[in-house]
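Model, not experiment: these values are computed from the prediction.
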Amino acid sequence: MRTAICSGSFDPITLGHLDVIRRAAGCFDAVFVCVSPNAEKRNQMFTPEEKLQMVRAAVADLPNVEAELWPGLLADFARNHGACAIVRGVRSVTDFDAEYQMALINRGICPGLETLLLPASAPYQHFSSSMVREMIRYRQPLENYLPAPIIPLVEELTEKEGGTHHGQ
């Protein structure tokens with residue numbers, strides 16, 4: 001069985017993320033979505049558990065995709081799941097450079113682990129979670145940015161906080 005990993009902080013999961021996950025699911029027998037807390041990123045809108053809940057809702061129609069939280073190294077997650085590849089989406093040359101460096105690091109930790117870089121599909125090249133968080137903060141329509149199953153959840157979570165969420 002060929003297994004791949006799609007990883008990210010998914011704060012929140014966007015249509016661009018989901019596009020990469022769907023494409024990976026078409027190429028591999030199993031795909032594990034690794035939701036990383038990512039302490040390096042500031043201004044997180046959602047808790048790790050909320051992110052996992054959203055990812056699971058977004059991939060519910062993909063029978064060969066599962067999502068899990070993982071606070072450690074991605075290479076260790078891949079090794080624990082018997083993955084042969086990490087699949088990452090890239091939108092730009094800047095993304096490519098960063099992903100290339102991470103691919104070398106992950107392969108150094110887990111020899112034989114390949115990283116496959118998928119160019120972003122044209123409709124999602126301008127997407128980023130930070131841009132989507134701005135759309136959420138300013139109460140813009142979310143249908144063009146987020147998977148439909150998570151929109152009610154995002155609205156519910158952000159309403160609880162009076163329009164701000166987790167320190168925003």
Exercise. Do the side-chain N and O atoms of S128 and R133 include a donor-acceptor pair separated by under 3.5 angstrom?
Worked result: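 Looking only at side-chain atoms, R133 and S128 do not form any donor-acceptor pair under 3.5 Å.
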Exercise. Going by atom types only, do R88 and S7 share a side-chain donor-acceptor pair under 3.5 Å?
Worked result: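 Yes.
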For this session: Apply side chain to side chain donor-acceptor pair (under 3.5 Å) to R23 and S121, showing your working.
Result: CA-CA 10 Å; R23 290 161 62 195; S121 295; 3.3 Å; yes
Exercise. Would you call Q140 and E134 a side-chain contact if the rule is heavy atoms closer than 4.5 Å?
Worked result: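 No; the side chains remain at least 4.5 Å from each other.
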Problem set entry | Flag side-chain contact, heavy atom, 4.5 Å: L153 against Q53 |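 With C-beta onward as the side chain, the pair touches.
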Exercise. Between F32 and H81, what is the ring plane arrangement, given parallel below 30°, perpendicular above 60°, and tilted in between?
Worked result: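 If you compare the ring of F32 with that of H81, the planes turn out tilted.
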Problem set entry | Salt-bridge criterion met for D76 and R79 (N-O under 4.0 Å) |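 Result for this pair is yes, salt bridge flagged.
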If you compare all heavy atoms of [X] against all heavy atoms of [Y], which two are closest, and at what distance to 0.1 Å?
{"X": "P37", "Y": "Q44", "value": "O-OE1, 4.0 Å"}
{"X": "L113", "Y": "A85", "value": "CD1-N, 3.7 Å"}
{"X": "R56", "Y": "A67", "value": "NH2-O, 3.0 Å"}
{"X": "F46", "Y": "P12", "value": "CE1-CB, 4.0 Å"}
{"X": "F77", "Y": "E68", "value": "CE1-OE1, 3.7 Å"}
{"X": "A75", "Y": "C110", "value": "CB-CB, 4.1 Å"}

Exercise. In Å, rounded to the nearest 0.5 Å, how long is the span from CE of M45 to OG of S129?
Worked result: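 M45 CE to S129 OG: 10.5 Å, rounded to 0.5 Å.
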Exercise. Looking at CG of D19 and OH of Y124, how far apart are the two atoms once the value is rounded to the nearest 0.5 Å?
Worked result: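 Between D19 CG and Y124 OH, I get 5.5 Å after rounding to 0.5 Å.
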For this session: Group every Ile, Leu, Val, Met, Phe, Trp and Tyr by side-chain heavy-atom contacts under 4.5 Å, then state whether L69 and I21 land in the same group.
Result: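 Same cluster.
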Problem set entry | side-chain hydrogen bond (donor to acceptor under 3.5 Å, both in side chains) involving E66 - partner list, sequence neighbours excluded |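 side-chain hydrogen bond (donor to acceptor under 3.5 Å, both in side chains) check on E66 returns nothing, list empty.
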